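Chain A is the first sequence line, chain B the second, and so forth, proteins listed ahead of strands; every chain is numbered from 1. What's counted below: heavy atoms across the whole structure, side chains too, no hydrogens, waters or symmetry copies. Since the model is a prediction, treat every value here as computed from it, not as a measurement.
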There are 2 protein chains.
Amino acid sequence: MRADARENRARVLTVARELFAERGLDVPMAAIARRAGVGVATLYRRFPTKESLVVEAFTEQFAHCQAVIDDAMQDPDAWRGFCTVIEQVCLLQVRDRGFTAAFVASFPELHSEVRDRTWTSFSALVQRAKDSGQLRADFSPHDLMLVLLANNGLSGAPVEAAVAASRRLVAYLLESFRTGTDALPPPVPLSLDLVLN
Amino acid sequence: MRADARENRARVLTVARELFAERGLDVPMAAIARRAGVGVATLYRRFPTKESLVVEAFTEQFAHCQAVIDDAMQDPDAWRGFCTVIEQVCLLQVRDRGFTAAFVASFPELHSEVRDRTWTSFSALVQRAKDSGQLRADFSPHDLMLVLLANNGLSGAPVEAAVAASRRLVAYLLESFRTGTDALPPPVPLSLDLVLN
DNA sequence: TGCTAAGTGGAGACCCCCATCCGCTTGGCT
DNA sequence: AGCCAAGCGGATGGGGGTCTCCACTTAGCA
């Protein structure tokens, strides 16, 4: 690959990440091309389809999620680790408008092994928090999807407002997740496949 | 207005409500026209723009919300009334895919007096629940928007899954809203204008 | 029953998006 | 320096959306 081409490719990726974060996944390819200072064709030569660009643009974010979970497992306080994961992921989600869409878009085929690994890590984290007696026993790992989807509902707002709203929502939810309350949420812990179409 | 015209108009509205509920606001006007058994022109003669059709189609839903709140104010148990409102509105929202979108779409100008009335009613309900000692004192009426937006995040799923998920989310949230917990959510109660763009 | 204004529906103008094609430009090896 | 494949950008095709125009139909009064 020629030097200029490599540079263009990198710039496209950067710009794509910016625009996806600002405006969501439905920003036109032409807009990305324009802001990156290249033609549309260049974009399509490097990324044969829009989806491939999306996937490529978000892999680092996904990796970051995994890192957050791994770090949390190292936290000596299981509950604090659990909270940190929820908070960090929700923050990520609400700061980057395209994040969730990219997540569900790349869900079916791509990253399937990454997804499985993240899932088992998170389940372990949940189990550890339950064992420590601070996370309510009827919390389901599938509730993560509940939190993610709910939190994603806030993404429409301008970033700062969304961040503040998300913080408040997460605080409310974490309070419910902690042991010490008596009432139970409905028993059905939905599978995430059901929830995501 | 001629008799057949009146009938067509009514059928269009019914069909529009069905389709908006099933598929969200972005169903094409042509689809509505087809299912209503009329041409596209007929549709546009009665409703000069798509937005006007949306507004018209959802006014009854908004009225229903108001009724739910009014009913709740009659409930001798202030907390139960509060819960009912949250539950019912969230159910409505998750059963009708277009509901929230229609709500924010018609937000700026239209229905402004309706909106104000609903808002003051809800605030009164909140105050009553606080006075009864069952709703935490730092709950803000603006938190309603938080709940609505969060709940709306679940609307993407197929209806049954969404309903179940919504029930669980609402149960979690209501548990947090009740008095008796010590931790506080972040102090900033966002204004709803900030959250909705 | 006949007239006419109100009502109708389909074709198509216009716009935006994804993706491709093709003639021109340029990096970088020789 | 010269060559040429790799790279480039704008024009273009194709699909799908909102909304308009216009020749035809029909309700409903006299």
Side-chain angles (χ1 to χ4, degrees), chain A residues 1-58 97-98 101-102 104-110 156 197, chain B residues 1-58 97-98 101-102 104-106 108-110 156:
Chain A
M1 191 144 101
R2 240 162 62 175
D4 53 347
R6 202 166 345 109
E7 191 178 307
N8 277 341
R9 192 191 133 95
R11 205 167 50 248
V12 162
L13 263 180
T14 307
V15 165
R17 277 193 265 261
E18 286 170 13
L19 285 182
F20 288 152
E22 285 169 25
R23 301 206 250 142
L25 291 195
D26 43 3
V27 4
M29 292 295 259
I32 299 173
R34 193 163 0 100
R35 170 114 70 130
V38 301
V40 201
T42 303
L43 220 142
Y44 277 97
R45 190 165 320 100
R46 297 302 158 218
F47 308 94
T49 167
K50 181 172 185 173
E51 196 193 337
S52 67
L53 172 61
V54 168
V55 171
E56 180 85 16
F58 280 94
R97 248 177 151 138
V104 317
S106 72
F107 208 84
E109 317 97 68
L110 243 8
N197 287 359
Chain B
M1 192 147 103
R2 241 163 63 174
D4 54 346
R6 204 168 340 111
E7 192 179 307
N8 276 341
R9 192 191 132 94
R11 205 167 50 249
V12 162
L13 264 180
T14 307
V15 165
R17 277 193 265 260
E18 285 171 13
L19 285 181
F20 287 152
E22 284 169 26
R23 302 205 250 143
L25 290 195
D26 45 1
V27 337
M29 291 296 259
I32 299 174
R34 193 165 358 101
R35 184 128 133 201
V38 300
V40 200
T42 302
L43 221 144
Y44 276 98
R45 191 165 319 99
R46 297 302 158 219
F47 307 95
T49 169
K50 181 172 184 173
E51 196 193 336
S52 67
L53 172 60
V54 168
V55 170
E56 181 84 17
F58 280 94
R97 249 179 151 138
V104 317
S106 72
E109 317 98 68
L110 244 7

inquiry  = So if I take residues 24-41 of chain B and measure heavy-atom distances to DNA chain C, which residues fall below 4.0 Å?
reply    = Gly37(B), Val38(B), Gly39(B), Ala41(B)

task = Ignoring the backbone of Arg2(B), work out which of dA5(C), dG7(D), dA19(C) is nearest its side chain.
result = dA5(C)

message = If you compare every side-chain N and O of Tyr44(A) against the phosphate oxygens of dT20(C) (OP1, OP2), does one of them come in below 4.0 Å?
response = no

query = Between Leu43(B) (CG) and dC19(D) (C1'), how many Å, whole number?
reply = 11 Å

query = If only side-chain N and O atoms of Thr49(A) are considered, is one of them under 4.0 Å from the OP1 or OP2 phosphate oxygen of dA19(C)?
reply = yes

ask   = Would you say Arg97(B)'s side chain and Leu25(B)'s backbone share a donor-acceptor pair under 3.5 angstrom?
value = no

remark   = With Glu18(A) as partner, the option from Arg35(A), Arg11(A), Arg23(A) fulfilling salt bridge (Lys or Arg N to Asp or Glu O under 4.0 Å) is Arg35(A)

request  = With sequence neighbours excluded, tell me which residues meet side chain to side chain donor-acceptor pair (under 3.5 Å) with Arg46(B).
outcome  = none

message = Check this one for me: any side-chain N or O of Thr42(A) less than 4.0 Å away from OP1 or OP2 of dG7(D)?
response = no

inquiry  = Measuring from atom CG of Leu13(A) to atom CD1 of Ile32(A), what distance do you get when rounded to the nearest 0.5 angstrom?
reply    = 9.5 Å

inquiry  = Please confirm whether the shortest side-chain N or O distance from Asn8(A) to OP1 or OP2 of dG7(D) is below 4.0 Å.
reply    = no

inquiry  = Let me spell it out: for each of Met1(B) and Pro48(B), pick the nucleotide of DNA chain D with the closest heavy atom. Which residue's pick is nearer the 5' end?
reply    = Pro48(B)

key: Worked check of side-chain contact (heavy atoms from CB on, under 4.5 Å) between Leu53(A) and Leu43(A)   = CA-CA 9 Å; Leu53(A) 172 61; Leu43(A) 220 142; 4.0 Å; yes

ask   = How do Ala5(B) and Lys50(A) order along DNA chain C: which one's closest nucleotide is nearer the 5' end?
value = Ala5(B)

query = Is there a side-chain polar atom (N or O) of Arg45(B) under 4.0 Å from OP1 or OP2 of dG7(C)?
reply = no

request  = Evaluate side-chain contact (heavy atoms from CB on, under 4.5 Å) for Val54(A) paired with Phe47(A), printing each intermediate quantity in order.
outcome  = CA-CA 9 Å; Val54(A) 168; Phe47(A) 308 94; over 6 Å; no

task = May I ask you to say what Arg46(B) touches in the nucleic acid, namely base, sugar-phosphate or nothing, with a heavy-atom cut-off under 4.0 Å?
result = sugar-phosphate

